[in-house]
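Computed from a predicted structure; not experimentally measured. In what follows, every chain begins at residue 1, and chains take the letters A, B, ... in the order their sequences are listed.
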Amino acid sequence: MPELVVLWTDALIFLLIALMLLFGCLAASREYLRTPWRSVGRSRMGMGALVVLSVYILIGVLDSVHYKPLLPEAAQTAQVTHSSEVQSLLDYLLTPLREQQEKTYSSPLATHLYSKENIEQADGRMLRDYPRLKYGGAHLQNPEQEWAADVTWTIVIGVQEALLAWLSITGIVIAWLGHRSGSTFFQQCQWITSSKTDIPWRVIFSVLGIILLVAFVAANLGVKYHLLGTDKVGEDVFYQTLKSVRTGLVIGTLTTLIMLPAAILMGIMAGYFRGWVDDLIQYIYTTLNSIPGVLLIAAAILMLHVYMNRHAEEFTSLVERADLRLLFLCIILGVTSWTGLCRLLRGEALKLRELDYVQAAQAFGVRHFTIIMRHILPNVLHIVMISVVLDFSGLVLAEAVLSYVNIGVDPTMNSWGNMINSARLEMAREPIVWWSLVAALIFMFTLVLAANLFSDVVRDAFDPRIRGDR
Amino acid sequence: MSDALLRIKNLKTWLGSGSSPVRAIDGIDLEIKKGETFVLLGESGCGKSMTALSIMRLLPPVGRIVDGSIHLGETSLLDLPESMMRRERGGRMGMIFQEPMTSLNPVLTVGAQIAEAVCIHDARQGQSAKERAVELLKAVGIPDPEQRFGEYPHQLSGGMKQRVMIAIALAGRPQLLIADEPTTALDVTIQAQVLALMKQLQQETGMAILLITHDLGVVAEVADRVAVMYAGEIVETAPCKDFFQAPRHPYSQKLFQSIPGRDKRSERLAVIKGSVPPLDQEFVGCRFADRCDAVMTICRQQPPQWDQYTEERGVRCYLQAGEEAAVKKTGRVNDDVIATARSDTQNLLLCVDELKVHFPIHKGIFRRVAGHVRAVDGVSLAIPVGRTLAVVGESGCGKTTVGKAILQLIKPTAGQVCFDNHELTQLRGEALRRRRSDLQIIFQDPMASMNPRMLVHNIIEEGMLAQGIGGSAAERRTRVEQLLEQVGLPATAADRYPHEFSGGQRQRICVARALAVEPRLIICDEPTSALDVSVQAQILNLLQALQQELGLSYLFITHDISVVAYLAHEVAVMYLGRIVERGTVAEVLDDPQHPYTQALLSAVPVAEPDGKRKTIHLEGDMPSPANPPAGCYFHPRCPQAMERCQQVYPKAVSLSETRSVNCVLLEK
């Protein structure tokens, strides 16, 4: 049995998922939460974006199950020894990508390296040319002639597989829908194609089809070639971008998880109690706001660095080290970013405390804490929801910027920020190496766009001023 | 007819699209003649404002005119291109809106806003826009117009702002002025000023006025002709006088009967059961059938046709003239009830003595206290068990603050609040919390006074939980259902959300919530002013029945004199944080002694067009409570002010056992 390793961020991610499930159960029983979410479910753009997001989340969650694999020689003996290297499920799935390391740069789908080297011929003569790659397109005898046909054929196979997978998935879902609504399979198909269903299944299936297409083509090509090329040390860029997904998601979600309790509690308390409580909390966040955020983050990361160097024995693996740094980054980003939400909530609580139903509760002698939990909190929840989804994309981008100035995640950790950072030098090469940057940008752009579209829909659904007009 | 200025034929305006559009206006015909005042009367949600917006073609994006025609003179407004329509708006047609506070742009001076309208619609040679604007300001009776020209809206009071709005509407020299509830947001004394101004302007310029209102008193005051709107249709038109003498449609009749007043005391007010039906349906029969007392079988089968039985009068009802809906006339109640009301001073439930609430004004960086807003400045009152004391006054006089200070929701600065021989102002924490069940409050706005996220059951239960009464969950549930039935709602209402109820029903829930903790005194803070007349009658009936049943005392805070006359035993009139006159209802309303009470009572529009009362017009507005005038607070506006008034605040003069007045005129 491989030994399961739970890193700090893993634990928090699973905690977050548990909280979300709990919140889902809560929302299902409360009408005021259920209605807006139902309108999110009916929105075409929202559901399309959600499908894309859930693919990212799937990758992120797969990458969050860490374990130490068994050493191959240990399998024979009774002695169980584990490798000191920590792997994730995603690593396991992407084993070919992970292990197929080239010598240095190669462009996407290339069969040769990107730079000339001295190659020793069989007869001992030295030839200066682009050497063949060890793995990328290694199955081709005569790359110049076979390459185009092979790539096309691989794509065709990928498309066929994608089609098959798509048909079976949609088939199962449609059959289930039909079973639930008591209609025939054919009828259900007709409803979906003419957009007569409540939930926009047509959009969901279309987006799913596109994603499956891309995924299967990428998988087929990725095994034979380096789909997005290789970087300086010959690592597959496609593998790196996939690994970066988790980093982006962790930063985007854990930061909010960390800042949320402080922001909600302090904001509502300041607005509700006013007086010296308000003064104190306002003082704290105006002070915090006046310190440049980047400076604070740099200081915190450097402090952590020093700590880790002094206590090197506590960190058994590189992954653990990087993980702690990531967690710290989340915390410090949370500390610097809670003020905005806090200020919003303070304003809202100031308004709510004057409302008649809060006054009525006071006239009943209801305790302050109960009033906050029963009357104020549910009525500011929409603001919290909106700001959480809006902040997400901002934080993903912030990670990229911070890693670019070297105060972000650990340099050994895969992240879009680190990829962009290394692209700084690659762009200066002649001929330029563009694929790292482009790969990171495509993946980040898709995630941020989907998150933004989704948050737009959520905001529209929860904003009480907009809700009435629809 | 040649003298018709505005002709509307079969106008239909629908809101929203899809399967069930809201038919806000469903085929109305009306004609307004030159120089007349035409009043459109009806409850909220009947399509009055939509009619005005349709005429101006200013409908909200979801609204569209599906049928009909509107002619202003010879011009067909619905066929004009938008660019031409812009010239008509503010040109031949002016409009005033309900809320003067939000109708003016706060970052522009009022002069600039008037001048803008002048430049667009009345650009003339030889006279600059400024001169014309000043002239307009003078015309609407704003003193010192040159100086006001350069001031910003926040420097003006509500009444002044509404005058400025009228000035803007007049800038284009309109032939038709559309006024959408122009005085609803204003106090009675200011309302009287604005209505008088509109009348005077009409005489000077000869324009026609389309006035939209829900207030029968306002109708009596200004109208030449009246049209009653109900659920998107006009159900009756009549000249004002005939309308008040003999309303024909059962709905109009009911409206009259549901107005509270002295003569209806201790009889139940006529109530129109239910509420206006939702307009997103196709009606089969008469729209009023479900709420009508004289409903016949035919009413539910076929919509009644318009019956124009004289040139001036028409009605949409099957009932013929003469066979008006039989209305039970209860005999006048003698004043015995009121006589017994003479306070049993031994049995005082609440006794407030010299209550003061001052809010500090902070200034400067160090937020030093630079002064105080004297919201309540020495108020004394007493309520015996089972009686109602009404506190009357204009907005901003501190009456709501009195209520909240008695409840200890706002900490009083000084004074005593003695409830059942227990001092409340000294109580803190747990002791105060236990006392809270004795005093309860009902708020003005039934929409804002319930948490929209909670079920009605939880809302009513909240007080019981906080006070730790009501026993187990099952017992509380029974009690909630019992309370709902007590206020006239089905027990099934417990499992619904507040937004599923109409305004009147929500106010009932609020009453049930207050009753849940078995209070002895309920402070009613304008509980009916956000409701329509017919619904107001339901709530007043309920409050009165509860008082008789449970022996509750009420502190009734209101600005509506007719409600006071109907419900209260004693009255206290407040002006600028102080009580200027108090006494029993009969004493104060029949024979007001303080000049302010006299003016206040005379300014209230009465629903009788013949009774041409002499209105005492008060000049100006209430001064700021942060800086009250020296001497008697009322002297700057008092028509009978003397020199002595400027020097000392008059002492209370006791005229009878129950009555005292603070006025120099009565001092010996």
Name the option with the most non-hydrogen atom pairs under 4.5 Å to chain A; the candidates are [options].
{"options": "B:Gln444, B:Arg513, B:Lys404, B:Gln467", "value": "B:Arg513"}
{"options": "B:Cys510, B:Ala514, B:Ser449, B:Ala516", "value": "B:Ser449"}
{"options": "B:Ile459, B:Asn458, B:Asn451", "value": "B:Asn451"}

Listed by chain and number, what are the side-chain contact (heavy atoms from CB on, under 4.5 Å) partners of [X], not counting sequence neighbours?
{"X": "A:Ser39", "value": "A:Ala461"}
{"X": "B:Thr13", "value": "B:Leu11, B:Ile25, B:Ser54, B:Leu59, B:Ile65"}
{"X": "B:Ser395", "value": "B:Asp187"}

*Contact class of B:Met464 relative to chain A, heavy atoms under 4.5 angstrom*: neither
*Given a strict heavy-atom distance threshold of 4.5 Å, which part of B:Gln408 is in contact with chain A: side chain, backbone, both, or neither?*
neither
_Regarding A:Arg367 and B:Glu430, does a basic nitrogen lie under 4.0 Å from an acidic carboxylate oxygen?_
yes
*asked:* Taking the basic N atoms (NZ, or NE/NH1/NH2) and the acidic carboxylate oxygens, is any pair closer than 4.0 Å for B:Asp495 and B:Arg477?
replied: yes
*Is it true that atom NE2 of B:His499 has more than 12 heavy atoms of other residues, nucleotides or ligands lying nearer than 6.0 Å?*
yes
*Are side-chain heavy atoms of A:Asp278 and A:Tyr272 found at a separation under 4.5 Å?*
no
*asked:* Do A:Asn379 and A:Tyr357 make a side-chain contact, defined as non-hydrogen atoms from C-beta onward lying under 4.5 Å apart?
replied: yes
_Applying a heavy-atom distance below 4.5 Å, give me the residues of residues 432-443 of chain B that approach chain A, sorted by number._
B:Arg433, B:Arg436, B:Leu439, B:Gln440, B:Ile441, B:Phe443
